[in-house]
Amino acid sequence: MNAHAILTAQGWRGKGHSLHPTSDAHGLTHHLLIKRNDDGSGLGHKKADQKAEAWWLNAFDQALKGIDTKSGTMKQTLKGGALEKITTKGIAKYTGTRGLYSSFVRGGVMEGTVGLNVVSSLPTPPDSGVGTPTAAAASGDEGKEKETKEERRARREAKRLRKAEKQAIKEAKERAAKKVEKKKAKKAERQQVKATETKEERRERRDARRKRKEEKRRMRTKSGG
């Protein structure tokens with residue numbers, strides 16, 4: 001892209017002139033200057049603050065210089081140093097809600113495994129298709145190897161009975177659900193018939209139902225006699 005040609009087409013008078021159409025008193029007559037950052041520091045960094053940012057290093061350095069070792073023992077001769085201010089008086093500056101350490105999150109404590117029942121076998125790779133054996137599975141396999149044929153037959157029979165019982169319960173629930181649906185359908189049909197039938201049709205329907213009841217009672221009496 002030819003920037004010079006584009007600006008000239010828009011009315012620019014050429015190099016050494018501002019973008020104003022008639023006067024160079026308005027605007028810049030040179031290109032925008034870019035500040036180079038070749039010291040490796042980030043945006044907003046100030047060289048004057050480089051030493052101030054290492055406040056913790058300065059505090060420890062000051063405390064180390066105040067240690068007296070001439071008498072053969074280590075004795076701190078510095079009083080009121082920066083490290084002492086941080087640990088006693090000015091600790092809120094660094095540990096408060098808006099302090100320097102407020103963005104750090106305290107992690108949990110790692111617990112030991114001494115005395116716990118931990119499986120010592122190496123884990124199986126997840127893509128191998130084989131699960132990692134556990135202590136419970138190993139004990140179960142040992143129990144199966146020790147059981148006799150009669151015990152194995154009894155265990156399988158009990159398993160078959162449990163399966164049959166579950167199947168019977170499932171079928172009973174399905175029959176009960178179908179029965180409830182059937183009753184609902186009959187009730188809805190009766191309500192629809194009642195809403196549309198006349199008085200004569202209702203009387204005939206009731207007479208027919210009474211006759212059916214009497215017939216059932218008669219048949220029940222005969223069978224009982």
Side-chain angles (χ1 to χ4, degrees), residues 42 56-57 60 74 83 86-88 91-92 94-197 201-225:
W56 51 273
L57 182 60
F60 276 100
M74 297 178 61
L83 186 60
I86 292 173
T87 55
T88 56
I91 192 170
Y94 306 99
T95 60
T97 56
R98 299 182 63 183
L100 296 176
Y101 294 155
S102 60
S103 59
F104 289 88
V105 180
R106 181 181 295 275
V109 180
M110 296 183 63
E111 299 180 357
T113 57
V114 178
L116 300 178
N117 187 13
V118 181
V119 179
S120 59
S121 59
L122 295 176
T124 305
D127 56 349
S128 63
V130 181
T132 302
T134 58
S139 61
D141 293 340
E142 293 177 359
K144 289 182 179 179
E145 291 177 0
K146 293 180 181 179
E147 67 179 358
T148 61
K149 291 183 179 180
E150 290 77 10
E151 292 174 346
R152 189 182 301 110
R153 191 180 297 110
R155 177 172 55 81
R156 291 177 179 176
E157 183 65 20
K159 183 178 180 181
R160 187 184 62 80
L161 292 175
R162 289 195 301 270
K163 188 175 181 181
E165 184 179 358
K166 288 181 180 180
Q167 184 66 22
I169 294 173
K170 183 179 179 181
E171 292 177 356
K173 288 182 179 180
E174 291 178 355
R175 287 196 299 270
K178 289 181 180 179
K179 191 175 181 180
V180 171
E181 292 295 332
K182 191 175 181 180
K183 285 184 178 180
K184 288 182 179 180
K186 285 185 178 181
K187 186 176 180 181
E189 185 179 358
R190 286 197 301 268
Q191 290 178 353
Q192 187 177 2
V193 171
K194 287 181 181 180
T196 56
E197 68 180 356
E201 292 174 346
R202 188 183 300 112
R203 191 178 297 109
E204 291 177 0
R205 179 173 56 80
R206 290 178 178 175
D207 293 340
R209 185 174 63 182
R210 191 180 303 108
K211 289 180 181 179
R212 287 195 301 270
K213 287 184 178 180
E214 291 176 357
E215 184 66 22
K216 287 182 181 179
R217 193 181 300 110
R218 194 180 303 110
M219 294 295 294
R220 202 180 299 116
T221 304
K222 287 180 179 181
S223 61

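Counting only residues at least two apart or in different chains, side-chain hydrogen bond (donor to acceptor under 3.5 Å, both in side chains) contacts with residues 207-217 comprise Asp207-Arg210, Glu215-Arg218.
Each of Glu189, Gln191, Lys183 was checked for a side-chain contact (heavy atoms from CB on, under 4.5 Å) with Lys187, and the lone residue meeting it is Gln191. Of the residues Lys186, Lys178, Lys179, the one that meets the side-chain contact (heavy atoms from CB on, under 4.5 Å) test with Lys182 is Lys186.
Going from atom CG of Leu161 over to atom NZ of Lys163 covers 12.5 Å, rounded to the nearest 0.5 Å. Atom-to-atom distance recorded for Arg162:CZ and Glu165:CD is 9.5 Å, nearest 0.5 angstrom. Atom OG1 in Thr196 sits 7.5 Å away from atom CD in Glu201 (nearest 0.5 Å).
Proximity of Glu150 to Arg153: side-chain heavy atoms (C-beta onward) are separated by under 4.5 Å at one or more points.
Applying the 6.0 Å contact sphere to CD of Glu157 captures more than 12 heavy atoms from other residues, nucleotides or ligands.
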